[in-house]
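Values below: every heavy atom of this structure, side chains too, minus hydrogens, waters and symmetry copies. Owing to the predicted nature of the structure, the values given are computational and were not obtained by experimental measurement.
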Amino acid sequence: MKTLRQVSIGSTTKVVKLHGEGPVKRRIMDMGITKGVEVYIRKVAPLGDPIEVTVRGYELSIRKADADMIEVE
C-alpha cells in the first residue's frame, strides 16, 4: 500500500482509497480528495509537514497524518 505521503515531489498520482473514520475521513473528502481524483504533489515543508498538493485545480495543504490515510496508485 502506497500513501500520499510517500509520493515524490513533482509527481501526479491517483487516489485509490481513503482510510480513516468518521469526521476525519469526511474532512478529507470535503477538501476534494475522493476516490479516483488525481493529485499533484507541489512541495513539502522543510520538516515534512505539511504537504502542498494541487487537487481539482486548487492548492491544498495536508498534514502528514492525513496524507498517511490516503492510499494512492
Side-chain angles (χ1 to χ4, degrees):
M1 177 181 97
K2 187 176 181 183
T3 65
L4 190 62
R5 184 175 172 188
Q6 298 166 330
V7 178
S8 59
I9 299 169
S11 301
T12 301
T13 188
K14 187 180 275 190
V15 176
V16 175
K17 185 177 181 182
L18 294 176
H19 298 277
E21 296 284 323
V24 176
K25 185 175 180 180
R26 179 83 248 162
R27 186 169 48 82
I28 292 171
M29 292 174 70
D30 287 344
M31 289 189 284
I33 301 173
T34 56
K35 183 178 175 183
V37 74
E38 289 196 349
V39 179
Y40 172 72
I41 310 301
R42 295 196 61 206
K43 54 187 166 181
V44 178
L47 297 176
D49 198 16
I51 300 166
E52 188 174 313
V53 300
T54 300
V55 60
R56 299 183 189 263
Y58 68 95
E59 283 89 36
L60 178 67
S61 292
I62 303 174
R63 294 181 295 186
K64 287 191 294 189
D66 293 342
D68 278 337
M69 294 182 201
I70 304 167
E71 184 179 339
V72 297
E73 291 182 338

Check step by step if salt bridge (Lys or Arg N to Asp or Glu O under 4.0 Å) holds for E73 and K2.
CA-CA 7 Å; E73 291 182 338; K2 187 176 181 183; over 6 Å; no

Going through the distances and angles, do R63 and D66 end up as a salt bridge (Lys or Arg N to Asp or Glu O under 4.0 Å)?
CA-CA 5 Å; R63 294 181 295 186; D66 293 342; 3.5 Å; yes

Could you give me the CA-CA distance, side-chain angles and deciding distance for E71 and K17, then say whether salt bridge (Lys or Arg N to Asp or Glu O under 4.0 Å) is met?
CA-CA 5 Å; E71 184 179 339; K17 185 177 181 182; 5.5 Å; no

Take V37 and K14 through the side-chain contact (heavy atoms from CB on, under 4.5 Å) test and state the conclusion after the steps.
CA-CA 6 Å; V37 74; K14 187 180 275 190; over 6 Å; no

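Considering only heavy atoms from C-beta on, I41 comes within 4.5 Å of L4 through its side chain. Between V39 and T12 there is no side-chain heavy-atom pair separated by less than 4.5 Å. Side chains of I70 and T3 form no contact here, defined as non-hydrogen atoms less than 4.5 Å apart.
Hydrophobic clustering (ILVMFWY, side-chain heavy atoms < 4.5 Å, transitive): V53 and I9 are in one cluster.
Counting only distance, with no hydrogens or angles, the side chain of R5 and the backbone of K64 share no donor-acceptor pair below 3.5 Å.
Residues satisfying the side chain to side chain contact (heavy atoms under 4.5 Å, CB included) test with S8, not counting sequence neighbours, are S11. Residues passing the side-chain hydrogen bond (donor to acceptor under 3.5 Å, both in side chains) test with D49: none are found, sequence neighbours excluded.
Residue M1 holds its CE atom at 4.5 Å from NE2 of H19, rounded to the nearest 0.5 Å. Of the inter-residue distances, the one linking L60 atom CG with I33 atom CD1 reads 5.0 Å to the nearest 0.5 angstrom.
Listed here is the closest heavy atom pair of I28 and L18: CG2-CD2, 3.8 Å. Considering every non-hydrogen atom in both V55 and E38, the closest pair reads CG2-O, 4.0 Å. In terms of heavy-atom proximity, A67 sits nearest to I62 at N-CG2, 3.7 Å. Residues T34 and M29 come closest through the heavy atom pair CG2-O, 4.2 Å. The two residues R42 and T54 come nearest to each other via the heavy atoms CD-OG1, 2.8 Å.
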